[in-house]
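Below you'll find the structure, written out as structure tokens, and then a few comments.
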Amino acid sequence: MTGPQLSIVIPCFNEEACLPELHRRVTMAARTAVVGEDYELVLVNDGSRDGSWPVMQRLAAGDPRLLAVNLSRNHGHQLALTAGLDLCSGEKILIIDADLQDPPELLGDMLAAMESQEADVVYAVRRARAGETAFKKATASLFYRLLARLTDVEIPLDTGDFRLMSRRALDALLSMPEQARFIRGMVAWIGFRQVPFLYDRRERHAGHSKYPLSKMLAFAFDAITGFSTAPLRWASHFGLALVAVSFLLVLYIAYGWLAGNAIQGWTSMMLVVVVLGAVQMFVLGMIGEYLGRLYIETKRRPLYIVADVAGRAGGRQSLGY
Ligand code: UDP
Ligand code: MG
């Protein structure tokens, strides 16, 4: 059985206030862009604590093209998105946020870009970001630039998960089993022809960001450790430099001993102890970050657990694990 021409996959966490408008605008965009209404919507409820799930059930009851998936708890944005991607069956796949910061009306142009440039991935690059705090914009900008320096994979700057993908690109993405998922980087890793698409990010339709600083930091750590071992390499380079310095220090100490003025310099000794102690703790912590992720990966747990599914009778409904 082949799927519809297009799947639109949307992870949602506490987005009750956005859902009806989201459904309306996404449906309109899909109807305009896809011939014969041959599309499906996949909404994933990522353990919302508000009324998102009942709203989704209601929308699904009135729309045969909507598949709503309820995860057993909050698994996080990237895993909720993975759940939706696992369950969708379209030939082309649009990933979009629930808060309408990424305008669904761009779908037509993105499809056209995919067609005309024979691309497997059309990723939306944020030219401007309305309604976001200076802090969010500054940290995001810094993060993408730091990441670009650290990684071997070319992850596009200022690009979120808002993108259009071909089925073969999605299948390649879904063949990657890791738990710590930084999807925009994983998509860059799979290769194929990927082209940018410039757009202006809007304000949220309703509610507030579901990415507090703690989630942003966790996300950044996953991105860096998932795509780069540079911090580990720095640690060993730094260690090597210290070995060279300590060799000079040994010469100096031996010279002092020979010259008969060995006991002095509490200050310099304390400095060395304190600085080396701090550096060692930092480097050990860094190694610990990688080790912790290694541990989590070796457990090979399912990426998410589906509790309920609503709507789209007859669709592909394997549960992804
Ligand atoms: N989201 C999710 N699970 C989470 C956090 C966020 O599914 O634990 C969804 C959220 O509903 C939205 C998307 O991920 O559709 C992006 O989140 P948000 O808009 O809050 O992030 P921001 O745009 O502020 O970076
Ligand atoms: Mg948002």
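One-based numbering, in listed order, for ligands and for the atoms of each.
Of the N or O atoms in A80, none lie within a sub-3.5 Å distance of an N or O in ligand 1. Ligand 1 has an N or O atom lying under 3.5 Å from an N or O atom of P11, backbone or side chain.
For D46, every heavy-atom contact with ligand 1 shorter than 4.0 Å involves the side chain, none the backbone. Of the heavy atoms in L81, none comes closer than 4.0 Å to ligand 1.
Looking at N74, its side chain never comes within 3.5 Å of a backbone N or O of G47 through a donor-acceptor pair. For the pair S228 (side chain) and T225 (backbone), a donor-acceptor distance under 3.5 Å is absent.
In terms of protein heavy-atom proximity, atom 16 (C) of ligand 1 is closest to D97 OD2, 3.4 Å. Protein heavy atom closest to atom 17 (O) of ligand 1, with residue, atom name and distance, is Y211 CD1, 3.8 Å. Protein heavy atom in closest approach to atom 14 (O) of ligand 1: H77 CD2, 3.2 Å. Closest to atom 1 (N) of ligand 1 among all protein heavy atoms lies F13 CB, 3.7 Å. The protein heavy-atom contact nearest to atom 19 (O) of ligand 1 is D99 OD2, 2.6 Å.
Hydrophobic cluster membership of F13, counting Ile, Leu, Val, Met, Phe, Trp and Tyr whose side-chain heavy atoms lie under 4.5 Å apart directly or via other members: none, as it forms a cluster of its own.
For the atom pair E289 CD and L232 CG, the distance stands at 10.5 Å (nearest 0.5 Å).
Taking every non-hydrogen atom of S209 and a distance limit under 4.0 Å, the qualifying atoms of ligand 1 come out as 20 (O), 21 (O), 22 (P), 24 (O). Applying the 4.0 Å criterion to heavy atoms of K210 picks out, from ligand 1, the atoms 5 (C), 6 (C), 18 (P), 20 (O). Atoms of ligand 1 lying under 4.0 Å from any heavy atom of N74, numbered from 1 in the order shown and given with element: 3 (N), 4 (C), 8 (O). For ligand 1, the atoms sitting less than 4.0 Å from at least one non-hydrogen atom of C12 are 7 (O), 11 (O), numbered in the order shown with element in parentheses.
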- [ ] Would you check, one step at a time, whether the test salt bridge (charged side-chain N to carboxylate O under 4.0 Å, His left out) holds for E15 with R204?
- [x] CA-CA 11 Å; E15 302 285 10; R204 259 184 167 272; 3.0 Å; yes

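Closest to atom 25 (O) of ligand 1 by heavy atom, among K136, E15, R201, R129, is K136. The residue from Q101, K215, R204 that puts a heavy atom closest to atom 18 (P) of ligand 1 is R204.
Relative to the ring axis of Y39, R65 places its NZ or CZ within 45° and under 6.0 Å from the centre.
With no hydrogens or angles considered, no side-chain donor-acceptor pair links T27 and R31 at under 3.5 Å.
Draw a line from the Mg ion (ligand 2) to OE1 of Q101 and another to OD2 of D99, and the angle between them is 100° (to 10°).
Ring pair H77/Y211 is perpendicular by interplanar angle, where above 60° counts as perpendicular and below 30° as parallel.
A chain of hydrophobic side-chain contacts below 4.5 Å, direct or via other Ile, Leu, Val, Met, Phe, Trp or Tyr residues, connects M56 to L100.
The aromatic ring centroids of F197 and Y123 lie 6.0 Å or more from each other.
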